[in-house]
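Structure record follows, encoded as structure tokens.
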Amino acid sequence: MVFSEILINWYEQNKRDLPWRKTTNPYHIWLSEIILQQTRVNQGLTYYNKFVNTFPDIKDLATADEEKILKLWQGLGYYSRARNLHFSAKYITNELNGKFPNTYKDLLKLKGVGDYTASAIASISYNKPCAVVDGNVYRVLARYFGIKTAINSPEGIKYFKKLATQLLDINNPATFNQAIMEFGAIQCKPKNPDCNTCPLQNSCKAFSNKTIDKLPVKHKKLTIKNRFFNYLVIINANNNIIINQRTGKGIWENLYEFPLIETHQEIDINELILMDEFQQIITEKSEISLFNHKPITHKLSHQHLSVKFWIITTKKKYKNSISLDRLKKYPVPTLINNFIEVYF
DNA sequence: AATTCGGGGGT
DNA sequence: ACCCCAGAATT
């Protein structure tokens, strides 16, 4: 048996029962692929169901408010995916008269759709012979063929794409692509792969070379920044709370949060009330207390946030303050959501 | 070519 | 503490 046959046989016997495997509807496949970018199946599953149910047709997504989409996306991370999803839904609905692109080339024009996702939709929805190369495919191929080229180098990206294209079963691209990814996720896992029951064991280069745990090779350059956030949880006399929307670039774009003062290090209450930013926001006599004496550490992939929530009660009525019920309808970062759930 | 976009889970 | 996840856009 050839490589693709072994994988497809394995897939038919071991595949998980997942909702996006019951359809070839390009809108649904697109939704699933965007949600699953850099995201585990288990984490994305509930979000997929929420989106399919809330927006049954792409037109429903196109006509929705961005805020509603971000709220539904809340907690999933990489929020540009949600904004691009909205943008592309409007593009398909309005510019393409609702007709979903059906070629790799046209799919690639969608915001938020790169080489992987265009190949995935083209193959799964339209059975086009486009090979996908995701993290699973890199790992399976690097191990099986004993390839030491870094998967995130320009040569590696080209090489693995070419190899995957050669291996693709052009008679069944949809199944082959899903088979190799599922195989990587379940059998040829990053840690402790199950080589003992692997149908490719006797021809696997890394297994015979005992280099399973050294492949794939990946250049890593991750510098983690430490940042210090002070959130001002300002509660009016009428129990309203002040909230701002993040604008511009950076983390959590277009999501909401409390007024934020960022500092270069951890500060105490005396340092806080002396800051210009603080005095510009808090102009009335107020009561200030600290919600958490130990800063909360919130870890993002490339930033570690050290966060203090300052509770400020005042009799002043701020214009942009809202009720707690309203607040809970706004899309907020998980950090803020965790606070809201514990404090309120 | 390198960096920046989250959050959760595994080791 | 470090790695990875059905990656893409930006610099």
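Sequence lines set the chain letters: A, B, ... in the order given, protein chains first and strands last, and positions in each chain run from 1.
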Checklist entry - So, is A:Trp252 near the phosphate of B:dG7, with a side-chain N or O under 4.0 Å from OP1 or OP2? => result yes
Checklist entry - Heavy atoms under 4.0 Å, any strand shown: does A:Asn42 hit a base, just sugar-phosphate, or nothing? => result nothing
Item to check | Between C:dA6 and B:dT4 - P atom distance, rounded Å | outcome: 24 Å
Checklist entry - Has the side chain of A:Ser301 got a donor or acceptor atom sitting under 3.5 Å from an opposite partner on the base of B:dG7? => result no
Checklist entry - Quick check: does any side chain N or O of A:Ser123 sit under 3.5 Å from a backbone N or O of A:Ala120, one acting as donor and the other as acceptor? => result yes
Checklist entry - Is there a residue in residues 17-31 of chain A whose heavy atoms reach under 4.0 Å of DNA chain C, and which residues are they? => result A:Trp20, A:Arg21
Checklist entry - Which residue, A:Thr117 or A:Arg40, contacts DNA chain C at a nucleotide closer to its 5' end, judged by nearest heavy atom? => result A:Arg40
Item to check | Pairwise P distance for C:dT11 and B:dG6, with rounding to whole Å | outcome: 15 Å
Checklist entry - Given that A:Glu155 and A:Tyr79 both sit by DNA chain B, which one's nearest nucleotide is further toward the 5' end? => result A:Glu155
Item to check | Watson-Crick or G-U counterpart of B:dG6, or none if no pair lies under 3.5 Å | outcome: none
Item to check | Lys NZ or Arg CZ of A:Lys162 over A:Tyr159 ring: under 6.0 Å, within 45° | outcome: no
Checklist entry - A:Tyr27 vs A:Trp30 aromatic rings, parallel, tilted or perpendicular, using cut-offs 30° and 60°? => result tilted
Checklist entry - When the distance from CG of A:Asn192 to C1' of B:dG9 is rounded to whole Å, what number comes out? => result 14 Å
Next on the checklist: Does A:Glu253 reach a base, just sugar-phosphate, or nothing at all? Heavy atoms under 4.0 Å.
Outcome noted: nothing
Item to check | Spacing of A:Lys220 atom NZ relative to B:dT4 atom P, expressed in whole Å | outcome: 18 Å
Checklist entry - Angle class for the A:Trp73/A:Tyr47 ring planes (parallel below 30°, perpendicular above 60°, tilted otherwise)? => result tilted
Item to check | Side chain to side chain, A:Thr314 and A:Asn236, heavy atoms closer than 4.5 Å | outcome: yes
Checklist entry - A:Leu76 has an atom CG; how far is it from atom P of B:dG7, in whole Å? => result 10 Å
Checklist entry - What does A:Val137 touch in the nucleic acid at a heavy-atom separation under 4.0 angstrom: a base, only the sugar-phosphate, or nothing? => result nothing
Checklist entry - Between A:Thr334 and A:Lys189, which has a closest nucleotide on DNA chain B that is more 5'? => result A:Thr334
Item to check | C1' spacing across the pair C:dA8 / B:dG9, given as an integer number of angstrom | outcome: 23 Å
Checklist entry - Starting at CD1 of A:Ile157 and ending at P of B:dA2, how long is that distance when rounded to a whole Å? => result 11 Å
Next on the checklist: For a quick check of understanding: with a heavy-atom distance under 4.0 Å over all strands, which category does A:Arg81 fall into, base, sugar-phosphate or nothing?
Outcome noted: base
Item to check | Separation of B:dT4 P from A:Gln38 CD (nearest whole Å) | outcome: 16 Å
Item to check | DNA chain C: 5'-most and 3'-most nucleotides touching chain A, 4.0 angstrom heavy-atom criterion | outcome: C:dC3 to C:dT11
Next on the checklist: When the P atoms of B:dT3 and C:dC3 are compared, how many Å lie between them, rounded to an integer?
Outcome noted: 15 Å
Checklist entry - Ion pair present between A:Glu284 and A:Lys315, side-chain N to carboxylate O less than 4.0 angstrom? => result no
Next on the checklist: Between A:Asn337 (side chain only) and A:Val332 (backbone N and O only), is there a donor and an acceptor less than 3.5 Å apart?
Outcome noted: no
Next on the checklist: For a quick check of understanding: with a heavy-atom distance under 4.0 Å over all strands, which category does A:Val132 fall into, base, sugar-phosphate or nothing?
Outcome noted: nothing
Next on the checklist: Heavy atoms only, 4.0 Å cut-off, all strands: where does A:Lys111 land among base, sugar-phosphate and nothing?
Outcome noted: sugar-phosphate
Next on the checklist: Using whole Å, what does the distance between atom P of nucleotide B:dG7 and atom CG of A:Asn337 come to?
Outcome noted: 10 Å
Item to check | ring-ring contact (aromatic ring centres under 6.0 Å, His included), paired with A:Phe183, selected from A:Trp10, A:Phe176, A:Phe3 | outcome: A:Trp10
Checklist entry - Is there a side-chain contact between A:Trp310 and A:Asn230 (heavy atoms, below 4.5 Å)? => result yes
Next on the checklist: For a quick check of understanding: with a heavy-atom distance under 4.0 Å over all strands, which category does A:Gly75 fall into, base, sugar-phosphate or nothing?
Outcome noted: sugar-phosphate
Checklist entry - Taking C-beta and beyond as the side chain, do A:Leu335 and A:Phe309 meet within less than 4.5 Å on heavy atoms? => result yes
Checklist entry - Could you give the CD-to-C1' distance, from A:Gln74 to B:dG6, as a whole number of Å? => result 12 Å
Item to check | Any A:His302 side-chain N or O less than 4.0 Å from OP1/OP2 of B:dC5 | outcome: yes
Next on the checklist: Can you measure A:Gln37 atom CD to B:dG7 atom P for me and round it to whole angstrom units?
Outcome noted: 16 Å
Checklist entry - When all nucleic acid strands are considered with a 4.0 Å heavy-atom cut-off, which category describes A:Gly250: base, sugar-phosphate, or nothing? => result sugar-phosphate
Item to check | Nearest heavy-atom neighbours spanning A:Ile234 and A:Pro259 | outcome: CD1-CG, 4.1 Å
